[in-house]
Visitor: 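Before anything else, here's the structure in question.
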Number of protein chains: 4
Amino acid sequence: MVSKQEQRSEETKKSILASAGVLFSSRGYDAVTMRDIAKEAGCSHTTIYIYFKDKEALLHQLSMPPILQLLEQVDTLLSEDSPPSDKLQAISLQVIEFCLVNRNMYNLFFTVKSVRVDEQTPEMAINQARNKLFGKLTESIQAVLGLDSQDERLLLYTRIYFFNLYGIIATYSNSDETVEQLMGRLKPTFAESFEVLLIGIRSKVK
Amino acid sequence: MVSKQEQRSEETKKSILASAGVLFSSRGYDAVTMRDIAKEAGCSHTTIYIYFKDKEALLHQLSMPPILQLLEQVDTLLSEDSPPSDKLQAISLQVIEFCLVNRNMYNLFFTVKSVRVDEQTPEMAINQARNKLFGKLTESIQAVLGLDSQDERLLLYTRIYFFNLYGIIATYSNSDETVEQLMGRLKPTFAESFEVLLIGIRSKVK
Amino acid sequence: MVSKQEQRSEETKKSILASAGVLFSSRGYDAVTMRDIAKEAGCSHTTIYIYFKDKEALLHQLSMPPILQLLEQVDTLLSEDSPPSDKLQAISLQVIEFCLVNRNMYNLFFTVKSVRVDEQTPEMAINQARNKLFGKLTESIQAVLGLDSQDERLLLYTRIYFFNLYGIIATYSNSDETVEQLMGRLKPTFAESFEVLLIGIRSKVK
Amino acid sequence: MVSKQEQRSEETKKSILASAGVLFSSRGYDAVTMRDIAKEAGCSHTTIYIYFKDKEALLHQLSMPPILQLLEQVDTLLSEDSPPSDKLQAISLQVIEFCLVNRNMYNLFFTVKSVRVDEQTPEMAINQARNKLFGKLTESIQAVLGLDSQDERLLLYTRIYFFNLYGIIATYSNSDETVEQLMGRLKPTFAESFEVLLIGIRSKVK
DNA sequence: TATGAATGAGAGTTCATTCAT
DNA sequence: GATGAATGAACTCTCATTCAT
């Protein structure tokens, strides 16, 4: 059983995290001040430092959990017993939905600057997670196209597939519609985009 | 006839504007200080305020010209006498290059921020220009697909084409590579993406 | 009879005081935070405020005991039955060691800050204790030189003796070595300095 | 000819430097804030950053010029044609007077913490200058005692001579008297201290 | 008694901007 | 027209201290 204090503490932390998430994504990391976050979270700016080492730690804690969760979901889909192209489409829609749900944060982990490899920053961890996600998608695309993992065309068409996927996400990441509305309205469009793309790619690969 | 003073004055102003443009593009608006611009332009930082109200004014004056230039370039391409699909590809590459060149200035050019309509901000003007650009692209796609402008499939496939285009831009808008490097390295990839996409779409539209 | 609670309470207080003493001495008053002290003492930083009004109160309570202890030690040495010059040397080394042990706490113990006489600050008390110490040293020097307490040469050579003593302390008060290391390494040097000085002085006093 | 602006600028810089000197020495480097210095100097705290890179640069600029000047004065004395013991006494009095004139700063360069050798900090430069001064004094003492420069007794007695010298400086560095008053009143005392010390040392060295 | 939560004051520093020449 | 001098606002972050339990 958690004490009332612990509960309040947890609430404060969550509030800070939520506020930071909203502000970072709407105004950008640099443009948001610790005092902005504090005001939004309804606490003093010093309180933030009780829960997070510094501003960068906030960014980190904000980015990792959702992306790890997405990785799990994708793994689950991959392990299911269904046709590869169904899997790919499911995964794609999953990624889209995930990014739109977390849309005010998605660019936190999709647009991380290229990181110097020599220092183990928290950004490194995000980078790794993102790369893993890319790897899983490649794997799924490979299964669909029936290409060898060394075939250089795999990289080419995975990239192109990505453009489509990322374009969808970027296009709607600033929408004011709810994710449900968006997905309900546009799922056929998305599915069609995958379909025509795969048709085109297949005509080239075989 | 302009006096020598006026001429020198005009030169200083241009130098400031040019320096700001280069710096904003390469390092981003926020990361550039007025003193940086002044040093690059070879004048004092106070001199900038003679010609421009403030830092934001610099950005404004800097925002419109390139986008207008892009519109012109697209118009030129549209008016050329070549196959529609060649035109579309040329326009697409042009738009990509433009967005990457200016990637740091308007972070993602396509990102539709909800703009308050009641105030005539410079953002409004950019919005209008962007909408024009979209119109021209649609037009070009229409010519390629041979669809009637009222055909609802035109909207569908234009959207899908956009996903691809926008995805490319978003993917590379945070790269540290120069645009020359990027385009040199990836132009074939981009071209291939348009090709397979059009193959797919055509197979549907017939 | 004291209750178990009172006993535990007293222990906590002592632990805090001891921790503060150690930390103040090793890192200096300003560089030590209340949280540092609490961690060292094994309690929460808020607990400190139960026993001590504020950080300065800790310093006060910590300041007097060691200096009183030094006075006692000097008294003990003075009352021993040994040659006056041996006593003087022992006292001198004692004072040096004391000042180096506490070097960080009262920056230079001998530094006579002009103290306002109208307020009974804790510094006043320290001042008094220090004056007492000076008196005892003079007394010891007098015994060594065999001078009358009114002889003006006593003041002169006591001053000079002080220069040497104070110079030693000042020289090493910013060292990073431990007192043990310092005293172990330099005690012969210190002893030699006292010896040559007394030789010189005696040759004058005759 | 200097413009009025340049003159004012120079005044501001000097004022900042002077204020920093007074405050650093009276309250200690850490305890003094940039805003304190600014208030004392009669300017905004940001103005300080126009003239000095950061707080540490202030300390540096404050410490170096006087110590270099002292080095020159000592060199002049050393090159004069007079008995070694006269030279040593003159140098000693010079150092004392210098330190008392700059008393509110002397501990800035006499009590520099031992510095990590791997980074070329400004403190390093002070360290070097101080070491040079020590070297010159050793040289002079060597001439007086007629010892070989490798004789280990030279180091011993130089150290002891230093204790006396530094003790004098430390003792009077907090006095409110003017340097003229102090030197006028105490020069005989200082001279006597050097004399008895050298008598004692000579009796040992033979 | 004891503590985790929370805060205001203030540290060094940067920067867009204004003032006086 | 042009500039060096100067500043206020604001940034991230720390710390002694108080509040509520």
Side-chain angles (χ1 to χ4, degrees), chain A residues 3-13 30-38 41-56 58, chain B residues 3 5-6 8-10 12-13 30-38 42-58, chain C residues 5-6 8-9 12-13 30-38 43-58, chain D residues 3-13 16 30-38 41-56 58:
Chain A
S3 74
K4 224 168 202 170
Q5 271 216 9
E6 276 171 340
Q7 196 180 322
R8 231 173 81 86
S9 171
E10 198 56 34
E11 270 172 29
T12 304
K13 184 172 182 179
D30 282 335
V32 173
T33 78
M34 294 302 262
R35 280 171 164 85
D36 289 339
I37 299 170
C43 68
S44 161
H45 65 280
T46 54
T47 301
I48 301 177
Y49 289 93
I50 298 174
Y51 297 100
F52 305 93
K53 189 182 162 295
D54 54 19
K55 198 181 174 187
E56 208 180 332
L58 257 178
Chain B
S3 74
Q5 268 225 4
E6 276 171 341
R8 239 173 65 87
S9 173
E10 196 56 33
T12 305
K13 183 172 180 179
D30 281 335
V32 174
T33 75
M34 294 299 263
R35 279 175 161 83
D36 290 337
I37 298 169
C43 67
S44 163
H45 60 282
T46 53
T47 302
I48 301 177
Y49 289 92
I50 299 172
Y51 298 101
F52 304 94
K53 186 181 163 294
D54 54 20
K55 198 183 174 188
E56 213 180 336
L58 260 177
Chain C
Q5 270 224 1
E6 278 170 341
R8 241 172 64 89
S9 174
T12 304
K13 183 173 181 178
D30 281 336
V32 174
T33 76
M34 295 299 263
R35 279 177 159 82
D36 290 337
I37 299 169
C43 68
S44 163
H45 60 282
T46 53
T47 302
I48 301 178
Y49 290 91
I50 298 171
Y51 297 103
F52 305 93
K53 185 181 164 295
D54 54 19
K55 198 183 175 187
E56 214 180 337
L58 260 177
Chain D
S3 74
K4 223 168 203 170
Q5 270 216 11
E6 275 172 341
Q7 197 179 321
R8 231 172 83 83
S9 173
E10 197 58 32
E11 269 173 30
T12 304
K13 185 174 181 178
I16 291 169
D30 281 336
V32 173
T33 76
M34 295 302 263
R35 283 168 168 86
D36 289 339
I37 298 170
C43 68
S44 162
H45 62 281
T46 55
T47 301
I48 301 178
Y49 289 92
I50 299 175
Y51 297 100
F52 305 94
K53 189 183 161 293
D54 54 19
K55 199 182 174 188
E56 209 179 332
L58 258 178

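Order of the sequence lines fixes the chain letters, A, B, ..., with proteins taken first and strands second; residue numbering starts at 1 for each chain.
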Visitor: Of all the nucleotides listed (F/dA16, E/dA16, E/dG12), which has the minimum atom distance to the side chain of C/Lys55?
Guide: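 Within the option list, the nearest is F/dA16.
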Visitor: So which nucleotide does E/dT3 pair with, by the Watson-Crick or G-U wobble rule with both distances under 3.5 Å?
Guide: F/dA20
Visitor: Judged by each residue's nearest nucleotide on DNA chain F, which is more toward the 5′ side, B/Ser9 or D/Ser9?
Guide: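 Result: B/Ser9.
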Visitor: Rounded to whole angstrom units, what separation is found between the OH atom of A/Tyr51 and the C1' atom of F/dC13?
Guide: 18 Å
Visitor: To the nearest angstrom, how far is B/Tyr49 atom OH from E/dT17 atom P?
Guide: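 Atom-to-atom, B/Tyr49 to E/dT17, this comes out as 4 Å.
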Visitor: Whole angstroms only, please: what is the CD-P distance between D/Glu6 and F/dA5?
Guide: 8 Å
Visitor: Let's see if you can work this out: which of F/dT7, E/dG10, F/dA10 has an atom nearest to the side-chain heavy atoms of D/Thr46?
Guide: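 It is F/dT7.
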Visitor: Whole angstroms only, please: what is the CD1-P distance between C/Ile50 and F/dT17?
Guide: 15 Å
Visitor: List the atom of B/Ser44, the atom of B/Ala38, and the distance in Å for their closest heavy-atom pair.
Guide: C-CB, 3.6 Å
Visitor: What are the two closest non-hydrogen atoms of C/Ile48 and C/Met34, and how far apart are they?
Guide: CD1-O, 3.5 Å
Visitor: With nearest nucleotide decided by heavy atoms, which residue, C/Thr12 or A/Thr47, maps closer to the 5′ end of DNA chain E?
Guide: C/Thr12
Visitor: What is the distance, to the nearest angstrom, from the CZ atom on D/Arg35 to the C1' atom on F/dT7?
Guide: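 For the pair D/Arg35 CZ and F/dT7 C1', the rounded distance is 12 Å.
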Visitor: May I have the distance from D/Ile16 (atom CD1) to F/dA6 (atom C1'), rounded to whole angstrom?
Guide: 10 Å
Visitor: Please report the closest heavy-atom contact between D/Tyr51 and D/Thr12, naming both atoms and the distance.
Guide: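 So the minimum-distance heavy-atom pair works out to CE1-CG2, 3.9 Å.
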Visitor: When you match B/Gly42 and D/Ile48 each to their closest nucleotide on DNA chain F, which lands nearer the 5' end?
Guide: B/Gly42
Visitor: Measure distances between side-chain N and O atoms of D/His45 and base N and O atoms of E/dT13, and say whether any donor-acceptor pair falls under 3.5 Å.
Guide: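 By the distance-only test, yes, there is a pair.
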Visitor: Figure out the CG/P separation between C/Leu58 and F/dT17, and round it to whole Å.
Guide: 10 Å
Visitor: Write down the distance between NZ (A/Lys13) and C1' (E/dG4), rounded to a whole number of angstrom.
Guide: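 Spelled out: NZ on A/Lys13 to C1' on E/dG4 is 14 Å.
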Visitor: Could you check D/Asp54 against B/Glu56 and say which one's nearest nucleotide on DNA chain E is further toward the 5' end?
Guide: D/Asp54
Visitor: B/Met34 has a side chain; which of F/dT17, E/dT13, E/dA16 sits nearest to it?
Guide: E/dA16
Visitor: Could you check whether B/Phe52 gets within reach of a base, just the sugar-phosphate, or nothing at all, counting any heavy atom under 4.0 Å?
Guide: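 The answer is nothing, as B/Phe52 stays clear of every strand by at least 4.0 Å.
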Visitor: So which nucleotide from E/dT7, E/dA16, F/dG4 ends up closest to the side chain of A/Ser44?
Guide: E/dT7
Visitor: Would you say the base of F/dG1 and the side-chain of B/Arg8 have a donor-acceptor pair closer than 3.5 Å?
Guide: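 Answer no: no donor N or O sits under 3.5 Å from an acceptor.
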Visitor: For a quick test of reading the model, state the closest non-hydrogen atom pair linking A/Tyr49 to A/Asp54 and the distance between them.
Guide: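 Heavy atoms of A/Tyr49 and A/Asp54 come nearest at CE2-CA, 4.1 Å.
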Visitor: Keeping the roles fixed (side chain from D/Ser9, backbone from D/Gln5), state whether a donor-acceptor pair exists under 3.5 Å.
Guide: no
